[in-house]
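Each remark here refers to the structure printed beneath this line.
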Amino acid sequence: GLAFGLGWHFAWNYTMGNLLGMSTSGIPISATLVSIVPHPLKAARHGGRFGPESSPLAPIAYLLGCALLVGWYGTRGLDGRS
């Protein structure tokens with residue numbers, strides 16, 4: 001189902017926005033716990049105003065997450081058969 005993906009996405013947005021004060025998907029949010037202010041001259045490294053989802057490390061993190069999911073759940077069912 002969608003519960004895992006939706007839960008992960010909600011947790012990511014909540015952590016990045018409400019706990020750390022970073023932009024999530026380009027939406028600036030005020031931090032409630034810790035405020036991390038990225039260095040303004042290093043926007044190409046940390047994603048700038050859009051947030052960490054547009055940093056150069058994001059594709060690596062996405063691939064690692066996909067590999068972890070395949071490792072956890074396997075590939076059963078990906079060929080269209082259950």
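Predicted model, so just to flag it, every value in this text is computed and none were measured.
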How many angstroms lie between atom CG of Leu63 and atom CG of Leu68, to the nearest 0.5 angstrom? 11.0 Å
Once side-chain hydrogen bond (donor to acceptor under 3.5 Å, both in side chains) is applied, do any residues pair with Trp8, and if so which ones, sequence neighbours excluded? none
Does Ala61 have any side-chain contact (heavy atoms from CB on, under 4.5 Å) partners at least two apart in sequence or in another chain, and if so, which? none
Apart from Leu6 itself, what residues make up its hydrophobic cluster when side-chain heavy atoms of I, L, V, M, F, W and Y under 4.5 Å apart count as a link, directly or indirectly? Leu2
Apart from Leu69 itself, its cluster of hydrophobic side chains linked below 4.5 Å comprises Phe4, Trp72, Tyr73
